[in-house]
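Whatever order the structure lists them in is the order used to number ligands and atoms, beginning at 1. Being a predicted model, the structure only gives us computed values, none of them experimental.
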Amino acid sequence: MAHLDVSEPEPPCASDGVWLSCIACGERFAPFEEVRYTCDCGGLLEVRYADLPTWDAFEGRGVWRYADALPFDIGVSLPEGATPLHDVPRLEREVGVDRLRVKHEGMNPTGSFKDRGMTVGVRVAQEVGVDRLACASTGNTSAALAAYGARAGLETLVLLPQGKVAAGKVAQAACHGARILEVDGNFDTCLDIVQALAARGEVYLLNSLNPFRLEGQKTIGLEILEQFRAEEGTYPDRIVLPVGNAGNTAALYKCFRELVAAGALDDDELPALTGVQAEGAAPVVEAIEDGLEETRRWEDVETKATAIRIGNPVNAPKALPGIRETGGTAVAVTDEAIRSTQRALAEEGVGVEPASAASVAGLRKLRERGVVSADERVVCLTTGHLLKDPDAAVEAGTEPEPVPGTTEGVLERL
Ligand SMILES: Cc1ncc(COP(=O)(O)O)c(C=O)c1O
Ligand SMILES: [Zn+2]
């Protein structure tokens, strides 16, 4: 099994103490001299550093507060990160855990966590000197790529599964000026195609297969730990998150391992990484439940939570060990549970898109099953903003009532 040992002392071919390492065979590569997404053996790459920082190295706000844990001091920034860690007292009581906080990544510049990865990824694109950026997307990656690409003055190309992307996300990609290709196929087909384009040198790939994206996203973990410790006096026992390509799961695990290697976190302080998928797209849940080394590709996937409508999670080899080694688990929830939880979060003022509500829906299910105990302190990650998917929001919300255009008429209805 792939194991993220991040305590390698010897940089092989590092520029400024940064290199890429294959998680399968250990082969190392210089980070910016050539464009490379995977190892020749087919293994996933991850970014390694000669020096890993401890807490007192961090200063400033947002993603770039953590520059000492990233390959650059600053990137193309809008700026991103520094998202709220909400209290949700009614849900906390209803779910029945000691503490429940919601880390709302929908409060990033383009309304999802993808901005954290893109600020770093687009900086790397500038470093390697490419001019056309591309991604396959269930929507949010395309919105973030379009915005950050536009900011950097680079051409952007996005491949979307036709008819399966929420309206807000397509609108963002369009208005930020991306070239949008609507593919007759699902997300996994889009990713196959854009990987083939990248292999031919046509585009620079900014999906989470690109290991630099995950470097930006690992700052979610750094922020959660710092915020929770400052406000609760301890670290959370568990972090629950929606899983699509499993990029965030991999990024959080890498964050934890690097902190442990730096001596900034004890092994027994690792929050249990707990992934949630929709029942109609749950290859990671299947792999965890059946003890598989790898996920099986699901050809037919379906869920109203279109952001996580993914059957072949590319980061599974990095994420499965993270779930297992932190004592976490994975669980699937119905679209109906996702919708009612989206509404419950909204009724506490926290507006999230359907995929995001999956995290809290999953926590509720695990609590009911007794997998999560009543004394746990939990952070649920909500990954995207309510307005990303206006159609789902309307469906989950109250019905507008037509009334006459007079005060008397309105009073009568009340
Ligand atoms: C709102 C939202 N939540 C969750 C995910 C899944 O994230 P990951 O691929 O890191 O598992 C995505 C990815 O597209 C997303 O847009
Ligand atoms: Zn390899």
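- Considering backbone and side-chain atoms together, Thr383 places an N or O closer than 3.5 Å to an N or O of ligand 1.
- Of all atoms in ligand 1, numbered sequentially from 1 with element shown, those under 4.0 Å from a heavy atom of Asn245 are 8 (P), 9 (O), 11 (O).
- Remark: ligand 1 and Ala355 share no N or O pair separated by less than 3.5 Å (distance only, no angle test).
- Among protein heavy atoms, atom 7 (O) of ligand 1 sits closest to Phe113 CZ, 3.6 Å.
- Under a 4.0 Å heavy-atom criterion, Thr141 is not in contact with ligand 1.
- Rounding to 10 degrees gives 110° for the angle at the Zn ion (ligand 2) between SG of Cys39 and SG of Cys22.
- Side-chain atoms of Asn210 and Tyr204 include a donor-acceptor pair closer than 3.5 Å.
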TODO: Decide yes or no on salt bridge (Lys or Arg N to Asp or Glu O under 4.0 Å) for Lys218 and Glu215, but give the supporting numbers first.
DONE: CA-CA 5 Å; Lys218 87 186 175 189; Glu215 291 307 287; 2.7 Å; yes
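- Given atom 6 (C) of ligand 1, the protein heavy atom at minimum distance is Gly244 N, 3.4 Å.
- For the pair Arg377 and Glu232, the minimum side-chain heavy-atom distance is 4.5 Å or more.
- Asn248 and Gln217 share a side-chain donor-acceptor pair at under 3.5 Å.
- Ligand 1 has at least one atom lying under 4.0 Å from a heavy atom of Ala246.
- With a heavy-atom cut-off of 4.0 Å, Lys388 does not touch ligand 1 at all.
- Cys41 contributes SG and Cys25 contributes SG; the angle these two atoms make at the Zn ion (ligand 2) is 120°, rounded to 10°.
- For ligand 1, the polar-atom distance check finds an N/O of Thr138 within less than 3.5 Å of one of the ligand's N/O atoms.
- Listed here is the closest heavy atom pair of Leu45 and Lys318: O-NZ, 2.6 Å.
- Backbone and side-chain nitrogen or oxygen atoms of Gly247 are examined, and one is located within less than 3.5 angstrom of a nitrogen or oxygen of ligand 1.
- Checking only distances, Lys169 never comes within under 3.5 Å of ligand 1, N or O to N or O.
- Put simply, the side chain of Leu133 does not reach to within 4.5 Å of the side chain of Tyr148, judged on heavy atoms.
- At least one heavy atom of Lys114 sits closer than 4.0 Å to an atom of ligand 1.
- Side chains of Asn140 and Lys388: a donor on one and an acceptor on the other come within 3.5 Å.
- Among the atoms of Asn140, some N or O lies under 3.5 angstrom from an N or O of ligand 1.
- Between the side chains of Asn245 and Ser208, not a single donor N or O lies within less than 3.5 Å of an accepting N or O.
- Counting only N and O atoms by type, the side chains of Asp192 and Thr189 include no donor and acceptor under 3.5 Å apart.
- Taking every heavy atom of Val243 and a limit of under 4.0 angstrom, the matching atoms of ligand 1 come to 11 (O).
- Here the straight-line distance linking atom OG1 of Thr141 with atom CZ of Arg213 works out to 5.0 Å at 0.5 Å rounding.
- Distances below 4.0 Å separate heavy atoms of Ile308 from the following atoms of ligand 1: 4 (C), 5 (C), 6 (C).
- The ligand atoms of ligand 1 that sit less than 4.0 angstrom from a heavy atom of Ala307 are 1 (C), 2 (C), 12 (C), 13 (C), 14 (O), 15 (C), 16 (O).
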Open item on the list: Thr83 vs Lys103, test: side-chain hydrogen bond (donor to acceptor under 3.5 Å, both in side chains). Steps then yes/no.
Closed with: CA-CA 7 Å; Thr83 54; Lys103 178 70 169 167; 2.9 Å; yes
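- Listed by number with element, the atoms of ligand 1 under 4.0 Å from a non-hydrogen atom of Asn248 are 10 (O).
- Ser356 and Thr383 share a side-chain donor-acceptor pair at under 3.5 Å.
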